Amino acid sequence: MITVLTQRSIFRWVHIILAVPIVGYVYSPFENLPDYAPVVRYIAIPAMIGTGLLMWKGHLLRRLYSRRSTEENA
C-alpha cells in the first residue's frame, strides 16, 4: 500500500516533469511550435492540471473514497 506521503511525492514529480514540454513550447522558436503543440495541448497540460488538483484537493477525494468503501462493506 502506498502511503499518502509517497503518493504526494509521485504526483509532485510527475507535475514537475510535465512542465518541461510546456517550457519548451513557450521558449521554442516559432517554426518548432507545430512539433510541440499536440503533446503540450493533449498530454502535458491536462496531466499537469490533474496532478495539481490531486495535490491540492486529493485529501478530499481520499476521504470520499474511504467513505464509499466503508459503506459498501457495511
Side-chain angles (χ1 to χ4, degrees):
M1 181 99 178
I2 297 176
T3 65
V4 175
L5 185 62
T6 305
Q7 191 177 30
R8 186 171 172 88
S9 179
I10 290 169
F11 288 145
R12 184 179 300 123
W13 278 107
V14 168
H15 193 78
I16 290 169
I17 290 169
L18 287 172
V20 173
I22 294 172
V23 171
Y25 180 79
V26 170
Y27 289 107
S28 67
F30 188 72
E31 298 82 32
N32 295 342
L33 285 183
D35 298 335
Y36 282 103
V39 173
V40 171
R41 286 183 191 151
Y42 302 118
I43 297 171
I45 290 178
M48 279 190 62
I49 291 170
T51 56
L53 286 172
L54 284 171
M55 287 189 293
W56 180 41
K57 293 292 184 178
H59 64 284
L60 296 175
L61 289 174
R62 281 189 293 277
R63 189 181 323 158
L64 181 66
Y65 179 74
S66 67
R67 284 184 187 168
R68 284 189 179 175
S69 64
T70 56
E71 289 174 2
E72 290 175 358
N73 292 334

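What you are looking at is a predicted structure, and each value in this text was computed from that prediction instead of being measured.
In this structure, the separation between CD1 on I22 and CZ on R41 is 12.5 Å, given to the nearest 0.5 Å. Note that the CD atom of Q7 and the CG atom of L5 stand 10.5 Å from one another [nearest 0.5 Å]. Rounded to the nearest 0.5 angstrom, H15 NE2 and I49 CD1 are separated by 9.5 Å.
Grouping the Ile, Leu, Val, Met, Phe, Trp and Tyr side chains by contacts below 4.5 angstrom, directly or via other members, places V26 with V23. Note on L54 and I17: separate hydrophobic clusters, where clusters join Ile, Leu, Val, Met, Phe, Trp and Tyr whose side-chain heavy atoms are under 4.5 Å apart, directly or indirectly. Residues M48 and W56 share a hydrophobic cluster, clusters being chains of Ile/Leu/Val/Met/Phe/Trp/Tyr side chains in contact below 4.5 Å. In the hydrophobic clustering of this structure, I45 does not group with M55; members are Ile, Leu, Val, Met, Phe, Trp, Tyr whose side-chain heavy atoms approach within less than 4.5 Å, directly or through other members.
Counting all heavy atoms, side chain and backbone alike, L18 lies closest to A47 at CD1-CB, 3.2 Å.
The environment of CD1 in I2 is sparse: at most 12 heavy-atom neighbours from other residues, nucleotides or ligands sit within 6.0 Å.
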